[in-house]
Structure formats: structure tokens, C-alpha cells
Amino acid sequence: MADRKTPLLDELEKGPWPSFVKEIKKSAKSPMVQDLLGQLERSYQEKIGHWKHGGLVGVRGYGGGVIGRYNDLPKEFPQVSEFHTIRVNQPAGWFYTSEALRTLCDIWEKHGSGLTNMHGSTGDIVFLGTRTTELEPIFAKLTEAGYDLGGSGSDMRTPSCCAGQARCEWACYDTMGFTYEVTQTYQDELHRPAFPYKFKIKAAGCPNDCVAAVARADMSVIGTWRDAIQIDQAAVAEYATGGKLNIARDVAGRCPTRCIAWDGKTLFIDDENCVKCMHCINAMPKALAPGKDRGAAILVGAKAPIVEGALLSSVLVPFIKMEPPYDDIKELLNAMWELWSEHGKNRERIGEFIQRIGLGNFLEQIGLEVVPEMVTQPRTNPYIYYQLS
Amino acid sequence: MADRKTPLLDELEKGPWPSFVKEIKKSAKSPMVQDLLGQLERSYQEKIGHWKHGGLVGVRGYGGGVIGRYNDLPKEFPQVSEFHTIRVNQPAGWFYTSEALRTLCDIWEKHGSGLTNMHGSTGDIVFLGTRTTELEPIFAKLTEAGYDLGGSGSDMRTPSCCAGQARCEWACYDTMGFTYEVTQTYQDELHRPAFPYKFKIKAAGCPNDCVAAVARADMSVIGTWRDAIQIDQAAVAEYATGGKLNIARDVAGRCPTRCIAWDGKTLFIDDENCVKCMHCINAMPKALAPGKDRGAAILVGAKAPIVEGALLSSVLVPFIKMEPPYDDIKELLNAMWELWSEHGKNRERIGEFIQRIGLGNFLEQIGLEVVPEMVTQPRTNPYIYYQLS
Amino acid sequence: MSAEPAKRKTDIGPPHYEKFLPPVIKENYGKWKYHENPRAGVLVHVAHSGAKLWSVRAATPRLMSIETLRLFAAIADEFCGGYLRFTSRNNVEFLLSDGGKVDPLIARLEKEGYPVGGTGPAITNIVHTQGWVHCHSAASDASGVVKSLMDALFPHFQKMELPAKVRVAFACCLNMCGAVHCSDIAVLAVHRKPPRINNETLPKTCEIPSTVAACPTGAIRPATVDGKQTVQVIEEQCMFCGNCFTVCPSMTMADPENDGISIWVGGKVSNARHEPMFSKLAIPYLPNNPPRWPEVVEAVKHLVEVYAKNARPFERMGEWIERIGWPRFFKLTGLPFTKYHIDDFRHAGESFRRSAHIRQSSQG
Amino acid sequence: MSAEPAKRKTDIGPPHYEKFLPPVIKENYGKWKYHENPRAGVLVHVAHSGAKLWSVRAATPRLMSIETLRLFAAIADEFCGGYLRFTSRNNVEFLLSDGGKVDPLIARLEKEGYPVGGTGPAITNIVHTQGWVHCHSAASDASGVVKSLMDALFPHFQKMELPAKVRVAFACCLNMCGAVHCSDIAVLAVHRKPPRINNETLPKTCEIPSTVAACPTGAIRPATVDGKQTVQVIEEQCMFCGNCFTVCPSMTMADPENDGISIWVGGKVSNARHEPMFSKLAIPYLPNNPPRWPEVVEAVKHLVEVYAKNARPFERMGEWIERIGWPRFFKLTGLPFTKYHIDDFRHAGESFRRSAHIRQSSQG
Ligand code: SRM
Ligand code: SRM
Ligand code: SRM
Ligand code: SRM
Ligand code: SF4
Ligand code: SF4
Ligand code: SF4
Ligand code: SF4
Ligand code: SF4
Ligand code: SF4
Ligand code: SF4
Ligand code: SF4
């Protein structure tokens, strides 16, 4: 069948940035991709998508991992009348070997469009477009090769994390180890949706939060430390004389709590007032490092706007030591999930749930003590639900 | 009739701070006050008040100015079975002459308890306690002497203001002149409740806000300026050497926008970024003064918690010249009152009303242009009510 | 406007303030240059003309007998041509054009029991309300608590040795007539039991729809009790604000055992440095203990002392706490942080800590 | 747990990452000392042992053919023993233990059309979503807008000359799969017409109670249209979020004429300096103009330029705007401030300026 004409899409082959159109065309030997090109060109002409509301498809025994997709132009583009997405759980930190990549490519070449997202926004390997009949064969081959599906629907979503200790000097705990551990522990929660709504976990090794955990995860695990920042004064002096950095203005002057003093010779940090924001360390990586007493802060509740408005995660546990097998965090997860599953409304994220029942009540229910670190300030309104003893 | 025994209240005659109990006893020749003492002692014993829910009483043709009060122990304390409060509109800035005070005392001695509050929390002279039958006579004598009642109920409440230009070098407009003018202009709105709820006006001459306008008035008029702060460098130098003030730390270091530079000799202010907070001027009154292009910012909506939670006023007009007869402000008031009276719910303060209908809609309705000064930041949620043209 | 017979005077408004201004003010109105604060309670305002105005500020209990007002009048006649004013915080100020009379005036006022002070970085009069003296809503008395507090805080009224002004306010119920919602230290009387409904009187005295509408949490439902139209309260949903009582006399809140006092800190009104701030909860509940409320007095004194010891010059209570952080505030004051301190009303979520900015090292 | 026959493999989870780590990482795992960023796209991490790891970051379109993945695999074999990874923003990183191979690798990648860059104070890949390529909700395409934007912003990918990182994100509907709510520059596709209800199919396809419950503003009411149980939308109450469509296929949002794109600024995720912040509305609407969305590209370029010109070192977009104030931001960018910029949802009042802190002098 002759290659389709795609004048509009062709415009997007131009320019220095790698082109997704070129990518699609690279796989255009697949008839599916031919029709995808045609349908997409049509969308570009008409300024409207041609996918219908997703239907429920999946692999046996799993409730998630596949996003069903059908088009509304089956006559014109029959090859993509079914064009489902498969979410494959990525290796922690998105590390691969060439061999691993080839294995995945071979499976996907045989059973799908050959198009992927590396990676989906939650972190999965996304296999973009196949038929219902291919789902079981793909699943069999994936598990054979040691891979499994990721999450979708009202389940625990595929956890993800930054490179952490694999490559970063600032990692305050083993983000990849932790992510692998929770993913394995909660395979059932990941594959069989049983929550009121989705629940995402993201693990960042330090407060720079390179996986946007605070904005995108129902549970955000953010590495931090409890003791003093490690300072190498000699190295500080080098930065001072290096001419690239104005320590007074750019480092001390930008410390959020103004807890850095710099007299031109020695850098003094009032660690009591340091909020572990990372800025000074970021600015002088050779001179400063997080302290030695490391762990993580656990925050909960981030989500996009739907329904009650977007939320960032908020502090649940100000500091916790991160030691395998992370039993305390698992207990916390179990307690939260139990409460939320029982009392959460349909499609109510845990962040919205907490606001509805009140953080104080939530903490009481899951048996966590209330500490002032959880809030920016105590209540200002006098509507207190006093409980008379 | 023998003086009552008030052992508990007597405890409050002790100590250095002037005693309200002594005050009450000073007027104890009045039988009313005798019973008041008795009833109050009883409240102190029982830890509960003995006043019943206020009933509607007043003077002919007025809907406000009197707070009806009856006790729940008419047998024990018949003299205070009726004990109404009269709110007398104070002179702007609470200035008096000895003669004026005596006039008020004479009227109140003849027709009431002889107890007062100088002043009520809204600003009125409060005559504390009299009978229904005394209301008309008191009103006649007050008007005779050139006084009138203040507000209560769902009306414009008695406006009040700081001493302003009468005594303060920082006053950016004539607070007392303005307050007198609006009070006189809106006598009908003040005396005949016709709003959804109360509406308070407070005028502060500068951002120090010595009448707490931003917290306690539905319309808060706060003096400010548009040009550069006036600096007398010589006087600054005196403060620098005076030894009392550390200009770098206490002045520049506390400027909210850090827009002050101090090199030990000259003080430089980046007025573009000055938010007119007053701090540097407060700290060096002999050296600094507000600019010459003076006026006021108009804020709306402050209130106590009932019903939706406490509010501070928010910016409605960032800057306005304050010139008698203040027609532009009157037009603004009329526009706001009209809209609020028509669409406000019963007992919905204007601050709550604005939040319910949306500030954007409110501005459109009253014909004010939207400017970014009205908000700390643009919206973060994407729920935009687009209107397609 | 007014439908009154012509002869009866109405709507004349207050007298014009000009009548009450001393000559020095009339002459220098709007022409002041600067001021000084030589001692607590004394302000000297200097005009561009060079003219000077001395203001001497004396304490008042706000609730005053006409005898006292007449005394003030007499003193004003004797020392300053009869000119005086009251302040927005209920102190009295005598306005002198002769500086020589300041000290004798102060001596006289002290002798009469109206001490001079309250200016500068000090504690001035406590804005307050009616309490048991006149209001039906009161969860405590106002004047008695204020008197007890000011007796204890009195040294700070006479000296100017605090880091900054400390504004203390009192309100006797959640209506907050004292506008305590923005004070360095706010003392707020609270009810802690749901309204007691009088089903006999309610149908006659209350408008049911507006009563239902009055409840911020929707805890009130219409109900029929033995044939009568009345209301019922879902008690778990009641947070004791008392707004139902304001609109409906048959729903009474006052309760001798459980009413009491809460304490809030860190509010401010001025724009100086930090924007205005609400007060935040420090102590959820202290007992009503007339005549001198020792627990409340102790708590407030303690807060002032900890603040005075730790804050830097010009730092208001709330600015100081922001600098050191709330966890440290609770440590320094030794106050427990409880479930009650976490907001759970409309915008509660806005007060959650939505970042990893945590003073991890200040555990100790 | 799983009720599957034993032989069928399930719930095995992802492969263990250790299998994929190069020796230099295995040996120095958790023992890194510091890093350097010698040029855009190249990171050198130095371990306490002295060992070094070079990471070379190349752009990807995220949507990739297996042919490209195989190419990456081949390149990895040739230059770094087959070790590579992808980043949280969809770039690819080749992991070298031999610094000598860095330049040749870069040359090779550039030749293949996968340019190197995106580190440091630069613009890296745009987090984005499916758009017309795969999603039913899309108000615009994702890949096309991103490609057009990155072509225009490309110099900032290759150089590190911005005051700080500028994170750009794209989402094709308010579900915000790109989590655009905390980006320096967020490009968000929007619907602007209420859902079109298909009363024929709705009764069969949608659960009416959950559809009604799905509406954040309560704009959806149950209704009966010629006998059929369906819903109706109070159009004035609809703000086009599309959540009804998510739960009910018979309420379609997409509209070729009125769908388009909004632009938001000043969000951030990191805790560095300022706490994380949401993005705020800058431009309410720009038209959908495929294939290259010129209006959107221009607007974003302009925002980056104004920021680059005015911000100070280390200042993220949102930190810069906070320093100069929003009024100045709108002046500098020449963008109109409209009614749409003022929040009017749940917590709107929290964004009002509740003080007199106003930059009065920056009118000009
Ligand atoms: C594939 C992916 C976008 C992408 O191109 O990468 C995606 C695609 C969809 N998302 Fe998402 N979401 C994806 C990450 C996200 C993220 C970002 C994240 O996870 O970090 C968010 C924002 C964070 C959050 O969870 O709040 C996100 C917030 C949503 C929402 C709004 C949820 C909310 O509570 O606000 C919906 C609507 C819903 O859940 O019904 C949604 C729904 C959807 C659906 C299933 C459409 C729908 O209404 O059912 C999309 C399927 C598109 C398709 O046909 O392929 N998607 N979605 C991402 C998952 C890939 C992966 O597994 O790695
Ligand atoms: C007398 C005074 C307190 C005082 O001792 O000074 C006072 C006394 C009462 N106030 Fe007030 N309010 C007084 C100033 C205030 C203030 C402060 C202010 O005006 O600056 C506030 C807070 C600011 C505000 O307006 O929000 C205030 C907020 C309230 C409220 C709550 C209104 C709200 O929207 O939150 C109520 C309840 C109501 O309006 O039904 C209320 C109601 C009342 C009532 C009428 C009781 C009632 O529920 O009907 C009180 C009568 C007490 C009595 O028997 O004398 N009072 N009230 C003040 C008026 C004196 C004067 O005219 O000068
Ligand atoms: C007399 C009075 C106005 C009136 O018309 O009655 C007044 C008078 C002055 N105030 Fe005030 N303020 C008065 C209530 C207030 C209030 C309102 C309140 O407390 O309810 C405030 C807002 C308080 C708050 O922020 O919570 C107030 C916040 C200020 C400030 C800002 C202080 C700060 O750093 O936040 C200044 C500037 C200063 O003190 O350096 C100030 C400065 C002044 C000056 C120096 C202005 C001047 O040059 O005349 C006056 C003497 C100050 C002093 O007492 O130390 N005045 N001042 C009020 C005296 C009350 C009293 O009896 O003690
Ligand atoms: C590779 C990656 C993590 C991963 O496991 O994939 C990563 C890696 C590094 N990040 Fe990151 N960050 C990565 C996504 C992020 C994200 C997440 C995002 O953008 O969605 C953030 C939060 C962004 C935000 O705040 O909106 C992020 C905020 C930072 C910061 C804080 C920057 C700031 O001033 O706010 C630093 C510190 C710095 O740059 O000095 C940092 C620093 C670093 C360092 C220097 C850490 C290290 O020593 O290895 C790494 C190289 C930085 C660089 O690219 O300039 N990384 N970094 C991600 C690369 C994405 C990409 O392809 O460009
Ligand atoms: S989040 Fe911290 S530890 Fe993880 S990669 Fe980023 S900087 Fe390193
Ligand atoms: S980490 Fe942040 S808060 Fe701590 S000292 Fe460094 S800059 Fe200051
Ligand atoms: S508000 Fe300003 S002008 Fe008025 S008295 Fe206070 S300081 Fe003076
Ligand atoms: S008035 Fe306030 S903002 Fe302006 S320069 Fe002085 S201290 Fe800074
Ligand atoms: S605060 Fe409450 S009790 Fe006190 S006067 Fe006001 S309404 Fe009455
Ligand atoms: S006290 Fe307040 S919360 Fe309780 S029922 Fe009455 S109005 Fe509702
Ligand atoms: S943002 Fe909306 S349109 Fe885009 S992928 Fe997510 S759900 Fe689909
Ligand atoms: S688009 Fe959103 S606001 Fe409009 S009806 Fe649907 S759910 Fe409600």
C-alpha cells in the first residue's frame, strides 16, 4: 500500500529538534502506523482528535496496565480501529543495557506498532498501539523476558524515582532500592485496581526532587538530612576566588532562611535554621554536601487539578530513616490505604480525602502523632471541634 | 438601699491598672448600677452571663444606634431588667474639649446608668445601660447638643479614623475630614439599616494603619504615596552615629522587598520596588518621610470569622487621590452598595459576597478595571470561565 | 430621606471635629514634620513651623463612670486648655502646647490612678468587648480578664523595652467584636458545647430557614419535635461558633463548666515590614476562672517573656515566629502542639506544609 | 493473591535495576563525591574512590520507533559497553567510564540527529503527553506543539546561559498528565465550550450519579429528555474542565474552533531556595494552529527572552517574578492582565492582595 501524503505532518520533520514524525515514519512499514499517520494528518487538518473514549481491555487477571483505544474512523483507518497502549513497568531509574532494549524492541516489533514512549509521564515504558488479540501474547513474552505491566486505573501506579545513589552525590537514601522494593511488595495493588482512585509513589533522593515527586505523587518520598551540612572550607575558598560565583549575593543572599554567614573567608551555616533546601550545596557541589544523618521526608497528596484543584504533597513524616525492607513505610502505606479505601469517595485522591476528613482526624486514624512540621502555621480560624473528655 | 456585697468583683479593684469595678462603683449611687453590680457578681460566681438575647428597641425613625438588652433575673435585679446600650457617633479622631465631655456626662447622668465605654470597638461613644422610656429624651438632648446616634444592625456602621493630619506627620490624606464627610453624606445609610449586613468604614492615614482598618472595616482606606520616599541624608547620618539604630540590620535588613541599600554613608532606596510598608520611615522619623504625591489605597472586605471565616480587606483601588468632596469614592460606595444590596444574601458581608460571585465579576459589575495589584498572583487553577465573543 | 416631622432633629451626624482641636493643631494641621517619644506615654510632635505638641497618654479601663470623664475634663482644663482625645485602643491623651506642664500632668494622672504609658515598643491597652457586663453571647467576662492581664503586664505599659509593639486583644465570643483575629496576642473566649435547643420557644422566636442557613458547617437541620416545627443539630458537625444563637434566641450556648478561653498569637495589622497577618492558635483552651483568671494571666505573661527574650529589634511576635519557625516556637514556649492546632475548615489545606522545607536540625 | 494457573507468570514486577548498571556505578553506588558540568549535556560524576562517570545527555522526541531504540543500543555498545538510561524528562543518557570517548560520542549523536544538551541553567526536554496521537481527551496535539517549541528554544538546550533552569511542560487537557501545574512555563491545551450531550447514547453509556458527581462546580443535573434518563448542563456554571467526559463518553468536549492553548508561568518543583510553587496564568488563550502553532511558539520564546534579560543568577522564573512583582511582569512582557487572571474557584480569596503592600512607584 502506497505511502500516505502527510503535508502538514511533514512540516514537523524540519528543524533541529528530533522529530516525532520522522520516528513514526521509521516504523511506517507497519500498516498500523500507516493508518496512524493518516489519522493524525486528518487531526492536523481538522484540529480535532479521532480517538473514542477508551474501553476496558487488558490481560487475564490484571485490572490495569493497558489503555484501551479505538478510533472513530474505522472505515478510513481500519488498522488503528484498535490501538491500545501497554504500560510496561520500567526498571528503577530508567537504566538499561543495549541488550535489554533490543529484547523489548523485538517483542514490540512482532506484536505492535513498533512505536513507544520512553517514557510515559508516570514512568512506564509505553508501547503505543496494538490490537486486543496481541495483548496476551505480548504479556507472555514480556514476563518470559522478566518484565511486567505497569499500573492504570484505580490502583497503585508504577512507582518511579531519580537516579539517586547510582549517580548522584546528593542522594540521601537508595531511591532505586526503595522503588524496586515497594514495586515488588505491592504487585497485587499495582495490577488489580481496588482503591477509590489512582495512587502514585515517587522517590527523589534529595530536596531537588528530580522526579517532581512533590507535584506528581500521592506519596512523595524526598531525601533529606538531620545534621549539619558538610563544609570543605578550602573548596569554598576556591569558589570564592574562582570568579564565577558571588557567594555573598548568590549563595548566602539566596538562602531562604538567611541562615548562611559569609565573611569572605569562612562560610558559617546556622544549621538549626537550615530548611535543607539544597541551594547552597547546588551552588558549590565541590565544597558542600548534605549531612551524614540522612533519610527522607514523607509527603502525601499531590495531584493534578481534577476535581477539587491541584495539590502539592504535604508533610506527613518530617524525617524517617530509609532502611530496607522499609517496614515502617509499608506499615504507613497499609494504614493509609486501608482508611482511604474504606472511607474515600469514588475518584477521590488521597490528598482530597485528607482535606475532607481533616488532617488531624486522618493522623489520628492512621496512628501518627501530630507535629508542627506538618503545617506552615497553626489554624487561624476559631472553628475548633473541641472534644470534651 | 444598702450597698451590695461583691467579694469577687472587689478582687478586681486591686492592682496598678485602672479598675472597671471602681468605675462601676463610682456610679453606684444609681440604683441601676447597684443591680448591675449584683448581677455581675452573680455572673462571676456562676461563670455565666445573665443577659437575654437582645430585643429590638430604638428611637423613632431610626433602625439602629441602640442595642436592646434585658436580663434573665428581673426579680433579683429589676433595675437592670432593661439595660439598653446607646451608640453615640464620636467626633472624628476622638477629639474632645472638657466642655464637650461634660455635656455628654450631664445628659447621661440624667437619663442612664452613668456608665460608658470610651469607646466602643467600632468607634462610637457607648452609653451603657438605660430603659426604653429614656431613649427618646436622650435622643432629643443629644441632637440638641449637636450629637447623633451611631450605627447598629445591617447599616453603614459609624466610620472611624486615626488622628491623621491632626497630629501625625505620616498622614497621607485628611482622615478626619474624609471620615466626617462620609458620615454626613450617608446619614440615611447609617441610621436606617437597608443592607444585607453591616458595612464598616475605617480610615487610616498611612500603612501603619492605626485604626486596624485592614482587619476591621468592609472598606479600608489606607493612606499611601506614589513617588519617592523623602530622605534627609544628614539626619540619616545622625541615626547611624546615634548608636541606637543599626541601619544595615534593622532598617535595610528588614525592608520586605530588600530595596534599601546602605553603604554606611548614604541611604539609597529603590522606590520602584518599595511597597510603602512604612518600616524605614517608622525607624527614622526624623530622616525619612512619605513622598509628596500622596493619596490612599482602597481595600474591601475585612470581617470577623462569622460565617465563612475571617477576612482581611483586599485591594480594590491601588491608589486614589483623596480630595474633598471625595466624589469618586462616593460613586464607588454607591456602586458597591447597589450591587451588594441587590445580590447579597442575608447576613453576607461584602467580602464574602465578592468571593461568592468572583472578584472579576464584581469589578465588571461596579465598572472598575482589573489590575494585577489586586492579587498576590494570578490564578493557579485552570478552571477558567471563558466567555466566547 | 427621613420621614420625621420637621421640628424633630435627625440625621445631623456627629459634631465637626474642628470644634475640639487645640489651636496648635488647627495651626499645624497636616504640617507636622516628625515626632519623638521621650518616655513611655509621651509623644512630642514637631511641626514644620517649629511648633510642638505634647501628647500624654494615660491608661483607662474603657468602661468608665461619668465621674471619671468629668475628672479628665477638669485635668484637661488645668493642664492643657481643656483639650484631650481618646485613642483607637481606648487610652486617653491630653494634648499640651506647653512642655513644662508634662511632668506635673503625669504626676497628677498617676496620683488619680490613671498611669501614663503605652507608647513605643510596649504593651498598650487591650482592645476588648462587653462580656458579662452587657452581652448575651459572652463565653467569659471581658473587663475582668483585661484588668487581670494588664495588672500583670503593667511593667510593659510603663517601659519601652520590648523588641516591638505587642498588641493584645480580647473578645468574649467568636463574633470577635474585639477583632482579635489580627493581634500579637489574642485572648478569645470560647464555647465548647453545641447549642441547647428550646423546642418550646424556638417555633415562636426563630425563623427556621435563616437559622439553618446561619450554620457555617451545615450542622443544623429542620426538624419536627412533637408536632412543632423546630431544628436539630448534628452534634459531630458543630464547632460551637454560636452563630445560630445570634439569629435564634432559643439555641443557647453558654455553659459554666465548659466555656473558657483560647489564646492566639502572631497576628498584626500594620503593613510595616511584614504584611498584616491573622493570629494563630497557641493554646486551645484554658478554664474560666474568675475573678482573676490566673491560668490565662500566666500563659500570656509567659508568651510575652519568651518573645521578649528571643525576638530581635522591630520583630513583632509573628515575624519572630516566622523567623524561627513554629516547631521552635512550641519548643521554646513548652506548649503542646495538638490536633486542634491543625486547621480543618474551608481552606485548611492552604496551611499544610507543601514542601520539604523543614528545620530538620532543630529537633533538640 | 493472583487467581491464575501456576504456569502463567504474573506479578513478577520489573527486572532488578542492578542488572543494568555499568561496573563504575556498581562499584561506586552511593559513594559519589561531587560532579561537574563541563559543557551542556555532559556531566562528570567523581566518586570518593576517584573513579569518574561521564554522562552524555541527548535529546529525544519521547515518541520513538524501535528503530531508534536499536540505534541507541548500537551506539551504547560502541561507546560505553552498552550502558544507557533515560531521564525523568525523557532524554537519553549514555554512561561512560572513559572520558576520551565523550567527544566522539557527541559527534555521533549529533550526526544521527539526537543533539546533546539540556543540563545546567538551560532548557531541557519538554515533559508532555499524548495529544491527538493517542488520547480521547486532547484539546490539541502534544508532540507537534513540543516539536515546534523545542525547535525555537533549541539554542537554550545547547547553551547554559540562562539565569537558571527553565522547565517547560505541556499537557493536552486539564487532566494535566504532563503535570504542568508546577513548571516555569506551562503550555496547557484547553476546551472552551460546555460538553455536547448525546442524549441517545448517554443513558446506555454513563452512570448518571457519578457523572453528576464528577462536576467540580455542580453544573450537571439529572434530566429526562423525551422519556430518557440523561443529564443537562447549566452552561454558565461550566468551566470546561472535561471531567464529565472522563466519566461519561456521551459528553464530548473537543471543538475545532474553540479549543486552544493557555500559557502559565512561574511554577517550580525543587525545594532549592523557594518552596515549590504552582504555575500561574499568563496567557488565557491562543488559537490551535497546526502544524507549528506559531502564536504559541512566539509567546513562549518571548517569555524566555524577557526572563533571560531581567532575572538574576539562580532565579527561577517564579522567583524573578516574585522579586519584581506581578504588575511589573505584565508590563515587561506586554501581556494584558484580564478578568481571567483572577482566580474564582474554591480558594480564590487566598490570592487577593490583603495588604497595602503595593509597588506604587512602578506605574511607569
Ligand atoms: C500516558 C500518560 C501521558 C503520557 O503521554 O505520558 C497518561 C495518559 C492518560 N491519563 Fe494521565 N497519563 C499519564 C500520567 C499522568 C500524570 C503525571 C504523572 O503520573 O506523574 C498525571 C498528573 C499527576 C496526577 O496523577 O494527578 C495524570 C493525570 C491524569 C488525570 C487527572 C487525575 C487527577 O486526579 O487530577 C486523568 C483523569 C482520570 O484519572 O480520570 C488522567 C487520565 C489519563 C488517560 C487514561 C485518559 C482518560 O481520561 O482516561 C490518558 C490515556 C491517554 C492514552 O490514550 O494513552 N491522567 N496522568 C501518562 C502515563 C504514562 C505512564 O504510565 O508512564
Ligand atoms: C459594643 C461592641 C463591642 C464593644 O464592647 O465595643 C459590639 C457588641 C456586639 N456586637 Fe460586635 N460589637 C462591636 C464591634 C465589633 C467589631 C469591631 C469593629 O467594629 O471594629 C467586630 C469585628 C469586625 C467585624 O465587623 O467583622 C464585631 C463583630 C460582630 C459580629 C460578627 C460579624 C461578622 O460578620 O463576623 C457580630 C454578630 C452579628 O453581627 O450578628 C456582632 C454582634 C454584636 C452584638 C450586637 C451581639 C449580637 O450578637 O447581636 C454585641 C452587642 C453587645 C452588647 O450587648 O452591647 N459583632 N463587632 C462594638 C460596637 C461598639 C461601637 O459601636 O463602637
Ligand atoms: C494614637 C494612635 C492612633 C489614634 O488615632 O488613636 C496611634 C498613634 C501612633 N502610632 Fe499607631 N497608633 C495607634 C494605634 C495603632 C494600631 C491599631 C491597634 O493597635 O489596634 C496599630 C496597628 C497595630 C498592629 O500592627 O497590630 C498601630 C501601628 C503603628 C505602627 C506600626 C508598628 C509595627 O512595627 O508594626 C507605628 C510605627 C512605629 O510604631 O514605629 C505606629 C506609630 C504611631 C505614631 C508614632 C504615629 C505618629 O507619629 O503620631 C503614634 C504614636 C505611636 C505610639 O503609640 O507608640 N503605629 N498603631 C493609636 C494609639 C493606640 C494606643 O492607645 O496605644
Ligand atoms: C537526570 C535527572 C534525574 C533523573 O534521574 O532522570 C536530573 C539530574 C540532575 N539534577 Fe535534577 N535532574 C532531572 C530532573 C530534575 C527535575 C524534574 C523535572 O524537571 O521535571 C527537577 C525539578 C525542576 C523544578 O524545580 O521544576 C530538577 C531539579 C534540579 C535542581 C534544582 C534546580 C533549581 O535551582 O530549582 C538541581 C540543582 C542544580 O541544578 O543546581 C538539580 C541537579 C541535578 C544534578 C546536578 C544532580 C547530580 O549531581 O547528578 C543532575 C544533573 C543536573 C542537570 O541536568 O543540570 N536538579 N531536576 C533529570 C534530568 C531531566 C532532563 O532530562 O533534563
Ligand atoms: S533528586 Fe537529588 S539525589 Fe536525586 S538526582 Fe536529583 S539531585 Fe540527585
Ligand atoms: S540548604 Fe538551603 S536553607 Fe540550608 S543553608 Fe543551604 S541555602 Fe540555606
Ligand atoms: S495610621 Fe499612619 S497617619 Fe494615622 S496615626 Fe497611624 S501612623 Fe499616623
Ligand atoms: S517603606 Fe518599607 S518597602 Fe519601602 S523602602 Fe521602606 S522599608 Fe522598604
Ligand atoms: S464578642 Fe461576642 S460576646 Fe463579646 S460583645 Fe461581641 S458579640 Fe458579645
Ligand atoms: S454553634 Fe455554630 S456550628 Fe454549632 S450549630 Fe450553631 S451555628 Fe452550627
Ligand atoms: S493530558 Fe488529557 S488529553 Fe493529554 S494525555 Fe492526559 S488525559 Fe489525555
Ligand atoms: S466540563 Fe467540567 S465544569 Fe463543565 S460540566 Fe463537565 S465537569 Fe462540569
Side-chain angles (χ1 to χ4, degrees), chain A residues 8 11-12 15-18 20 23 26-27 43-44 47-49 51 53 61 89 91-98 101-102 105 109 114 116-118 121 143 146 148 165-167 169 176 183-184 187-188 207-209 211-212 214-216 250 254 256 277-279 285-286 304 306-307 310 312, chain D residues 1-2 4 9-15 17 20 25 29-30 32-34 45 59 61-67 69-70 73 76-77 82 85-86 88 113-114 132 136 138 143-144 147 150-151 154 174 176-177 179 181-182 216 243 249 254 256 269-273 276 288 290-291 313-314 346:
Chain A
L8 291 174
E11 284 302 308
L12 290 165
W17 192 253
F20 73 100
E23 295 292 328
K26 276 190 189 175
S27 287
S43 288
Y44 269 62
K47 301 194 210 173
I48 192 162
W51 300 108
H53 202 282
N89 196 329
W94 302 291
F95 282 86
Y96 298 89
T97 56
S98 48
L101 275 186
R102 289 195 192 93
C105 292
E109 179 166 42
T116 71
N117 288 140
M118 299 295 277
S121 200
T143 47
D148 200 342
Q165 295 186 336
R167 193 184 63 182
E169 68 267 31
M176 304 206 303
T183 308
Q184 291 296 347
Q187 282 292 298
D188 190 46
N208 283 328
D209 196 356
V211 280
V214 77
R216 301 167 68 159
D250 300 337
R254 294 210 170 273
C277 85
M278 286 299 293
H279 172 65
K286 287 178 161 174
I306 306 298
V307 179
L312 295 172
Chain D
M1 306 271 139
S2 139
E4 298 305 300
K9 263 201 197 154
T10 67
D11 301 289
I12 62 169
Y17 54 86
F20 304 139
I25 286 186
Y29 198 93
W32 300 102
K33 189 162 186 291
Y34 68 90
H45 286 83
R62 191 179 83 123
L63 193 171
M64 283 182 288
S65 161
I66 50 176
E67 304 307 329
L69 296 180
R70 285 170 175 150
D77 285 338
R85 72 180 291 266
F86 293 84
S88 65
Y114 300 92
W132 293 330
H136 60 192
S143 311
K147 162 70 172 155
M150 285 311 291
D151 281 341
F154 190 64
L174 265 57
M176 286 197 187
C177 299
H181 55 300
C182 299
N243 196 38
V269 163
S270 81
N271 286 278
R273 301 169 308 282
N288 246 344
F314 293 101
R346 293 265 187 291

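Residue numbers begin at 1 in each chain, while the letters A, B, ... track the order of the sequences.
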Polar side-chain atom of [X] near backbone of [Y] as donor-acceptor pair, under 3.5 Å:
X         : Y         : result
Thr116(A) : Met64(D)  : yes
Ser121(A) : Cys177(D) : yes
Trp132(D) : Trp51(A)  : no
Lys147(D) : Trp17(A)  : yes

Minimal non-hydrogen separation, [X] against [Y], with atom names:
X         : Y         : answer
Cys182(D) : Leu312(A) : SG-CD2, 3.4 Å
Gly15(A)  : Asp151(D) : C-OD1, 3.5 Å
Gln187(A) : Pro14(D)  : NE2-CD, 4.4 Å
Ala310(A) : His181(D) : CB-CD2, 3.9 Å
Glu23(A)  : Pro61(D)  : CG-CG, 3.6 Å

If you count heavy-atom pairs under 4.5 Å between each of [options] and chain D, which one has the most?
options                                   : result
Ala304(A), Ala92(A), Gly114(A)            : Gly114(A)
Pro16(A), Ser43(A), Ala212(A)             : Pro16(A)
Asn89(A), Ile306(A), Asn117(A)            : Asn117(A)
Arg254(A), Lys47(A), Met118(A), Arg167(A) : Arg167(A)

**Message:** Need one label for Arg346(D): side chain, backbone, both or neither, based on atoms under 4.5 Å from any heavy atom in chain A.
**Reply:**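 Side chain only.
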**Asked** Can you say whether Phe86(D) sits under 4.5 Å from chain A via the side chain, the backbone, both, or neither, judging by heavy atoms?
**Response**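 The answer is both parts of Phe86(D).
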Could you measure the distance from the [atom1] atom of [X] to the [atom2] atom of [Y]? Nearest 0.5 Å is fine.
X         : Y         : atom1 : atom2 : result
Ile12(D)  : Gln184(A) : CD1   : CD    : 8.0 Å
Arg102(A) : Asp77(D)  : CZ    : CG    : 4.5 Å
Met278(A) : Asn271(D) : CE    : CG    : 10.0 Å
Ser270(D) : Asn208(A) : OG    : CG    : 6.0 Å
Asp209(A) : Ser88(D)  : CG    : OG    : 9.0 Å
Leu101(A) : Leu69(D)  : CG    : CG    : 6.0 Å

**Message:** Can you tell me which portion of Glu11(A) sits under 4.5 Å from chain D's heavy atoms? Options are side chain, backbone, both or neither.
**Reply:**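 Both backbone and side chain.
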**Item:** Heavy-atom check, side chain of Pro290(D) versus side chain of Leu8(A), under 4.5 Å
**Value:**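 Pro290(D) vs Leu8(A): side chains apart.
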**Request:** Compare all side-chain heavy atoms of Val214(A) with those of Val269(D) and state whether any distance is below 4.5 angstrom.
**Result:**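 Answer yes - side chains close enough.
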**Prompt:** Taking every heavy-atom pair that is under 4.5 Å apart, which of Arg62(D), His45(D), Met176(D) has the most such pairs with chain A?
**Reply:**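 Among the listed options, the one with the most contacts to chain A is Arg62(D).
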**Asked** Around atom NZ of Lys33(D), are there more than 12 heavy atoms of other residues, nucleotides or ligands at under 6.0 Å?
**Response**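 12 or below, so no.
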